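In the text below, chain A, chain B and the rest are named by the order of the sequence lines, each starting its count at 1. Just so we're clear, the structure is a prediction, and the values are computed from it rather than from any experiment.
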Protein chains: 2
Amino acid sequence: MAPEKKNKSVLEVDDELLDDITQLIHDRSDAALKNILADLYDFDASVIIDNIRDDEDALYLFSLLDDETAGEVILELSDDRRELFSERLSGEKLSDIVSEMESDDATDFVSDLEEDKQEEVLEQLDKIDTEDSKELRELLSYDENTAGGIMAKEFIAVNSNMTVSEAVRVVQERGEEIDQFYNLWVVDDNNVLAGIMSLKRLIISMKDPEKLVKDVMNSDVIYVEAATDQEEVAKIFRSYDLVSLPVVDAHMRVIGRITIDDVMDVMEEEYQEDVARMAGTDAEELERKSPFQIAKLRLPWLMITLLIELFAVFVVSSHNEILEKVILLAAFMPIISAMSGNTGLQSASIVVRGLDTGIVSIKRWWEPLSRQVRTTLIIGVAVGVAVGVIGYLISDTNKLSFALSVAVSMFISINIAGVIGTLSPMISKRLGFDPAITSGPFETAFQDVIGITVFLTVSTYMLSHV
Amino acid sequence: MAPEKKNKSVLEVDDELLDDITQLIHDRSDAALKNILADLYDFDASVIIDNIRDDEDALYLFSLLDDETAGEVILELSDDRRELFSERLSGEKLSDIVSEMESDDATDFVSDLEEDKQEEVLEQLDKIDTEDSKELRELLSYDENTAGGIMAKEFIAVNSNMTVSEAVRVVQERGEEIDQFYNLWVVDDNNVLAGIMSLKRLIISMKDPEKLVKDVMNSDVIYVEAATDQEEVAKIFRSYDLVSLPVVDAHMRVIGRITIDDVMDVMEEEYQEDVARMAGTDAEELERKSPFQIAKLRLPWLMITLLIELFAVFVVSSHNEILEKVILLAAFMPIISAMSGNTGLQSASIVVRGLDTGIVSIKRWWEPLSRQVRTTLIIGVAVGVAVGVIGYLISDTNKLSFALSVAVSMFISINIAGVIGTLSPMISKRLGFDPAITSGPFETAFQDVIGITVFLTVSTYMLSHV
């Protein structure tokens, strides 16, 4: 009954495996369950515990883990299960688990606890390990979206005047405590950051063990301050291909360490935020399960969209006369607004990406604008002609002027959409808002209103004059 | 004139710095320029070269770099500049640069070259280093979206029967060749993967240098085969918090190594693809600059949207009669379609994310459906009431039945949108398409048509019966 492995190295959780485990839980076959758990990577254990249907069964299986594994597993669980376990487990048990976590994980975990539970856990921790709990309280004090909020206190700093063999001894003594350990920070006598040395460099330098660390280290070290925004941190990791990065205080003293796994979490978070915004909702939705909570997150977006669309109601109502005469115009409204909304969205999302990656600079706003406009001119002609032909074929009377009306207004509204779609992310950013907000439903609603206004104005003019 | 550094460690490229450098280029002050370049991280050099306005100036500055730096810098350049430089530099110069790259980067770079240039570079490489060019030809043969396509040939494998001190010597001899080096692969006499040893473990094990590698290594090693899809590779890195991963052939022999920086590129690529799809365009757009090329990428999406919207034209035309009687209905069409399109998009994008992260399983399709429907029931009531009130206030005659018409059809179409938005990503995935395609403009266009159909059908019924 060994769990099946995918890629021969990674676990594939299927219903059969889950049924077997659930059966063992019901039989209270603790020894067999512990055997299975011992063979698993922490992540795989978390997937299994997440996928066990019944909450009580899942909690039972979780309680069989030793504190260290429990600390790794609880971090990988879905938010639902993690919240449930946090509620159900005693403050004492939770603090045992937390004391086994790395400090950055402990911080994330404790900061998500209910206030009462949080206090309980911190008090218990004071009893277990004063040093640990002091570190944790320090980390909890940083804004969670900054370098301070994602850093860990586990790092090894060696003095630049140490010899290579002394540095090796430090690693041998303390390396075991630290996961994800690839670089040593090098500091001077005042604890000020002086350089960085990779473990590879340390091993190579051992050819000459009496050399001083300062003579083999890399003194050109990239670092951040605790207040640096986490998105900036992620950008630095990606630009310079880092796996870990020292965090310093205002006096350049090393106070922490950020590792690549935290940065991947930041990237994932940002990504979910952007996608949620484009869909007109909130990334938190992924973590909420009650329909009422989800509805509460979505409704503000929908209500603002509704308000914007109200303008369309007024625009259409005020063109009663022409609509009553040429009722077919109403039939073309959805096409006009969908096509211009879409073109605006295309431009907006490209500019938002460009702003993210630095390809687009607000200072040179005319560059993307000129490119987007030249693009929408081409698109406007193509779509305008297509819509015009359709209009010609469908209309009964005034065929030519009707076709011209729809074609011309399609062309105009697509080009307006291109301009607005290009400028609005830059303006939002300039005003200090998240530009991604302009590549979502507000953008399309806005284009809806403009598209319909252009369409009905142009048609009124053309159908009464041409 | 030392470049300003942001965060005191990372370069801030401003116009002034660029102007100074441009001036030095015009003066042909090679020594000063080389001094500046020598102080820069490769990434910063690439940012500067990207931001120099004139192509010739940029190429001049680039040509001052030594081959190794040039190899790092050219990879970080914008696609435009990289393509330009690839065209302008001779095959000989390019192959000098390529021969200094790590094999995975060399593969990416060479595979992007024009066919003629590619052959020229490969032929030149044969002359410089047969081994390198053999590796490169091997890597070029893998699908670029697989583990084989992103792996590098630079890795160190030690025999499991070596002693720790022998392994250390191997690292000291060959470590210099390898960037981003954190783990040793351990193989048996047949070159079959037997384990993994981190450099940290190697240093700690040196306390007992005569121990055998097999007694200190981690035999529980995660690996992938060359054919594994790159998205799967990224998922494995994230799940198990890896920084490097061995790639094996069908006989479990180690053939390559994937590092975290490549995985971050894969994540970034995926992300851009998803965002582009949601906006109804193609991620390639970010790499294309000619308006004609961009228009060519966008037009298919727009034309399919147009085709879907054509149904709306027919639906509206076939409700001529009621529209002529109650022209205000036309004014409410944009609201109905925008709100239901939006609700569908919200549901779709959440389900797409859920499928990505594994929270949503197609086998248990009713779980997200039930949650989404319970959510849209609440949203439908809230938005329905809001639209109903607006309808009541705006209409002149038949106030109550008009308000009821818009409220009821808003409620129904929002709920239909929720169901379609939830099911369509799962159906697409089941049929083998990218589910992300259903959270873009096709989704909203489709909801447009449905929303308008429901609205006009319900209104016709209610306004003639109530």
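For the pair B/Arg371/A/Ile294, a side-chain contact is recorded, criterion being any heavy-atom separation below 4.5 Å from C-beta on. Looking only at side-chain heavy atoms (C-beta outward), B/Met410 and B/Phe332 stay at 4.5 Å or farther from each other. At a threshold of 4.5 Å between non-hydrogen side-chain atoms, the residues A/Asp274 and A/Glu270 do not count as touching. With contacts defined as side-chain heavy-atom distances shorter than 4.5 Å, the pair B/Leu299/A/Ile379 qualifies. A 4.5 Å side-chain heavy-atom check between A/Ser290 and A/Lys296 finds every atom pair outside the cut-off.
Each of A/Ser46, A/Pro441, A/Ser337, A/Ala312 has some count of heavy-atom pairs under 4.5 Å with chain B, and the biggest count is that of A/Pro441. Contact count versus chain A (heavy atoms, under 4.5 Å) is highest, among B/Met333, B/His319, B/Glu76, B/Glu176, for B/Glu176. Ranked by heavy-atom pairs shorter than 4.5 Å toward chain B, the options A/Asp265, A/Leu310, A/Thr376, A/Ile394 are led by A/Leu310. Ranking A/Gly175, A/Ser239, A/Pro334 against chain B, the residue ahead of the rest is A/Ser239, based on heavy-atom pairs under 4.5 Å. The candidate from A/Val315, A/Val243, A/Leu323, A/Thr305 with the greatest count of non-hydrogen atom pairs under 4.5 Å with chain B is A/Val243. Taking A/Val316, A/Ile203, A/Leu345, A/Leu199 one by one and counting their heavy-atom pairs under 4.5 Å with chain B, the maximum is reached by A/Ile203.
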Apply the test side chain to side chain donor-acceptor pair (under 3.5 Å) to residues B/Thr259 and B/Gln180: give CA-CA distance (whole Å), side-chain angles for both, the deciding distance (0.1 Å), then the verdict.
CA-CA 7 Å; B/Thr259 45; B/Gln180 307 266 343; 5.1 Å; no

Show your reasoning for whether side-chain contact (heavy atoms from CB on, under 4.5 Å) applies to B/Val224 and B/Glu232.
CA-CA 9 Å; B/Val224 293; B/Glu232 179 72 21; over 6 Å; no

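Ion pairing between B/Lys207 and A/Glu173 fails under the 4.0 Å rule for side-chain N and carboxylate O.
Interface remark: B/Ala330 contributes backbone and side-chain atoms alike to the contact with chain A (heavy atom separation under 4.5 Å). Interface residue B/Ile378: only side-chain heavy atoms are found under 4.5 Å from chain A. The part of B/Ile390 that comes within reach of chain A is its side chain, from C-beta onward, which places non-hydrogen atoms under 4.5 angstrom from that chain. B/Leu202 touches chain A through its side chain: at least one heavy atom from C-beta onward sits under 4.5 Å away, while N, CA, C and O do not. Heavy atoms closer than 4.5 Å to chain A are found in both the backbone and the side chain of B/Asp241. Using a 4.5 Å cut-off between heavy atoms, B/Arg201 contacts chain A through its side chain alone, with no backbone atom that close. Heavy-atom distances place the side chain of B/Met267, and not its backbone, under 4.5 Å from chain A. For chain A, no part of B/Leu377 is nearby; none of its heavy atoms comes within less than 4.5 Å. Contact annotation for B/Val449: neither backbone nor side-chain heavy atoms come within less than 4.5 Å of a heavy atom of chain A. Residue B/Phe314 touches chain A through its side chain alone, counting heavy-atom pairs closer than 4.5 Å. If you measure heavy-atom distances from B/Ile178 to chain A, the contacts under 4.5 Å come from the backbone alone. Residue B/Ser198 does not touch chain A at all, counting heavy-atom pairs closer than 4.5 Å. Residue contact with chain A, scored on non-hydrogen atoms closer than 4.5 Å, involves the side chain of B/Ile260 exclusively. If you measure heavy-atom distances from B/Asp50 to chain A, you find no contacts under 4.5 Å at all.
Between A/Arg238 atom CZ and A/Met264 atom CE the span is 10.5 Å, to the nearest 0.5 Å.
Neither side chain, A/Asp80 nor A/Ser78, offers a donor N or O lying under 3.5 Å from an acceptor on the other.
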